Amino acid sequence: MTTSLVTGGAGFLGSHLCDRLLAESHRVICVDNLLTGNPANIAHLTARDDFRFIKHDVSIPFEVDESVDNVLHFASPASPIDYLELPIQTLKVGSLGTHNTLGLAKSKGARYLLASTSEVYGDPLVHPQPETYWGNVNPVGPRGVYDEAKRFAEAMVMAYHRYHGLDSRIVRIFNTYGPRMRPHDGRAVPAFIQQALDGEPLTVFGDGRQTRSFCYVSDLVEGIWRLLMSQHSEPVNIGNPTEMTILEFAQTILDLLGSNSEVGFHPLPVDDPKTRQPDIALARSILDWEPEVLLRDGLAKTIDYFRTLCLPQKG
Ligand code: NAD
Ligand code: UDP
């Protein structure tokens, strides 16, 4: 049986990845310190024989007493308010956590996959962003703790690949949304949905003309699975190229919910990227992958999930 270890497996993306790996008949070891994760995301898995949860901070070295075939490093605070609140942990999990998990993969002879981010492109001067673009990141701004940790992590993975011959993959994930996001994690998708459900004004930052391109979680997980199964060691963008302004996005949420909430404008966070859109030509050609879920369909599923959180809990 193939065993895959997922760090950050109790988080939004990590828990969907655990589900997919189990569906592919992998045994899954989830390592998470629950810093920004939620035990409810993996509550449906904990009784299974082929699933193991280890509560641990991966910035601290650790050993695993069984064979491991794949290490997928997803642990990291990921929403701007999380990593602004947790700057040192963010830098540590991207650097020390990456080093520790690379060491684990090397000692087990395992394949390694790093969850990197479109934030390595910073506030991009090239549009859309291909993998060959080196980015425009402010290392000393508040977002630098996340962006630079991920850039360091990519460099570390490539060093293990070149120096130790590690079998590695790097996925550059663009804004992804879906069920299991935290309603108050501050990212635009959960923020706007929760505000609209509560009848509160939507908090649009700046003039709302900055753009993002939102990918539904099942499309992302399919891309990650194909990348893991591929032979490609250089970074690959996975995201949905459908780009829109944040103001258009806020309006889409209001339309979908038939909400009368207003839009309120707030200051733009420091170094907030003005545009973001993945160039997915590489993923199309080497993985035969492209997103399939339309924004309205993905948002409808996400809204359903947020509605269930609003229901009174049993017991
Ligand atoms: P999340 O906060 O829901 O999940 C992160 C998980 O990592 C949480 O369960 C948290 O408890 C865990 N974690 C954090 N530090 C840890 C540590 N030191 N040791 C062990 N566990 C730790 O966020 P997410 O959106 O699911 O993001 C997962 C990964 O994907 C992150 O690496 C993030 O950088 C990357 N990513 C996400 C997106 C996105 O749009 N969701 C975009 C780009 C990259
Ligand atoms: N944003 C916003 N209001 C919010 C949260 C986010 O206008 O309540 C904006 C934010 O400034 C950014 C975009 O939405 O331009 C996406 O933000 P998010 O935090 O979701 O992701 P990231 O900035 O990492 O792309």
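Computed from a prediction, not measured in an experiment: that's the story for all the values here. First listed ligand is number 1; within each ligand, the first listed atom is number 1. The basis for the numbers below is simple: all heavy atoms, side chains too, and nothing from hydrogens, waters or symmetry mates.
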Between the side chains of [Y] and [X], is the shortest nitrogen-to-carboxylate-oxygen separation below 4.0 Å, so that they form an ion pair?
X      : Y      : value
Arg169 : Asp167 : yes
Glu154 : Lys150 : no
Arg151 : Glu148 : yes
Asp19  : Arg180 : yes
Glu243 : Arg212 : no
Asp272 : Arg209 : no

Task: Pairs satisfying ring pair (Phe, Tyr, Trp, His ring centres under 6.0 Å), at least one member in residues 196-219, at least two apart - done: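 Matches after skipping sequence neighbours: Tyr177-Tyr216, Phe214-Phe249.
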
- [ ] Name all pairs fulfilling the ring pair (Phe, Tyr, Trp, His ring centres under 6.0 Å) condition that reach into residues 2-22, sequence neighbours left out, sorted by first residue then second.
- [x]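 Qualifying pairs: Phe12-His16.
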
Ligand-protein N/O pairs under 3.5 Å (ligand 2):
unit_1   : atom_1 : unit_2 : atom_2 : d
ligand 2 : 3 (N)  : Thr203 : O      : 2.5
ligand 2 : 7 (O)  : Phe205 : N      : 2.7
ligand 2 : 8 (O)  : Thr203 : O      : 3.2
ligand 2 : 8 (O)  : Thr203 : OG1    : 2.8
ligand 2 : 11 (O) : Asp272 : OD2    : 2.6
ligand 2 : 15 (O) : Gln210 : NE2    : 3.1
ligand 2 : 15 (O) : Arg212 : NH2    : 3.3
ligand 2 : 15 (O) : Asp272 : OD1    : 2.7
ligand 2 : 15 (O) : Asp272 : OD2    : 3.4
ligand 2 : 20 (O) : Ala188 : N      : 2.8
ligand 2 : 21 (O) : Asn175 : ND2    : 3.3
ligand 2 : 23 (O) : Arg143 : NH2    : 3.1
ligand 2 : 23 (O) : Arg212 : NH2    : 3.4
ligand 2 : 24 (O) : Glu119 : OE2    : 3.1
ligand 2 : 24 (O) : Arg143 : NH2    : 3.4
ligand 2 : 25 (O) : Asn175 : ND2    : 2.9
ligand 2 : 25 (O) : Arg212 : NE     : 2.7
ligand 2 : 25 (O) : Arg276 : NH1    : 2.6

Can you tell me if [X] contacts ligand 1 (heavy atom of the residue under 4.0 Å from the ligand)?
X      : value
Gly97  : no
Tyr146 : yes
Ser116 : yes
Gln89  : no
Thr7   : no

Within a distance under 4.0 Å of any heavy atom of [X], pick out the atoms of ligand 1 and give their elements.
X     : value
Ser59 : 18 (N)
Ala78 : 23 (O), 24 (P), 25 (O), 27 (O), 33 (C)
His56 : 19 (N), 20 (C)
Ala10 : 9 (O)
Gly8  : 6 (C), 7 (O), 9 (O), 12 (C)
Asp57 : 17 (C), 18 (N), 19 (N)
Gly11 : 3 (O), 4 (O), 8 (C), 9 (O)
Gly37 : 8 (C), 9 (O), 10 (C), 11 (O)

Do [X] and [Y] have side-chain N/O donor and acceptor atoms under 3.5 Å apart?
X      : Y      : value
Tyr112 : His161 : no
Ser79  : Asp185 : no
Asn136 : Asp123 : no
His266 : Thr203 : no

How far is [atom] from the closest protein heavy atom, and which atom is that?
atom                    : answer
atom 3 (O) of ligand 1  : Phe12 N, 2.8 Å
atom 32 (O) of ligand 1 : Lys150 NZ, 2.8 Å
atom 38 (C) of ligand 1 : Ile173 CG2, 3.8 Å
atom 19 (N) of ligand 1 : Val58 N, 3.0 Å
atom 40 (O) of ligand 1 : Thr176 N, 2.8 Å
atom 16 (C) of ligand 1 : Asn33 OD1, 3.2 Å
atom 5 (C) of ligand 1  : Ser76 O, 3.3 Å

Please compare [options] and report which has the shortest non-hydrogen distance to [atom].
atom                    : options                     : value
atom 41 (N) of ligand 1 : His73, Arg187, Lys55        : Arg187
atom 30 (O) of ligand 1 : Val217, Leu13, Thr101       : Leu13
atom 10 (C) of ligand 1 : Leu72, Leu17, Thr36         : Thr36
atom 29 (C) of ligand 1 : Phe62, Phe74, Tyr177, Tyr83 : Phe74

Atom [atom1] of residue position [X] - does it have more than 12 heavy atoms of other residues, nucleotides or ligands inside 6.0 Å?
X      : atom1 : value
Lys92  : NZ    : no
Glu66  : CD    : yes
His127 : NE2   : yes
Glu292 : CD    : no
Asp304 : CG    : yes

Where on [X] is there a heavy atom closer than 4.0 Å to ligand 1, on the side chain, on the backbone, on both, or on neither?
X      : result
Arg180 : neither
Val93  : side chain
Ser118 : neither

TODO: Return a yes/no value for Asp32: is any of its N or O atoms, backbone included, closer than 3.5 angstrom to an N or O of ligand 1?
DONE: yes

Open item on the list: Between Trp225 and Leu17 (side chain of the first, backbone of the second, donor and acceptor by atom type, cut-off under 3.5 Å), is there such a pair?
Closed with: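 Absent.
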
Open item on the list: Just to verify, what does Asp279 make a salt bridge (charged side-chain N to carboxylate O under 4.0 Å, His left out) with, not counting sequence neighbours?
Closed with: none

Task: Closest approach of Asp32 to Leu35 (non-hydrogen atoms, all atoms of both residues) - done: OD1-N, 4.2 Å

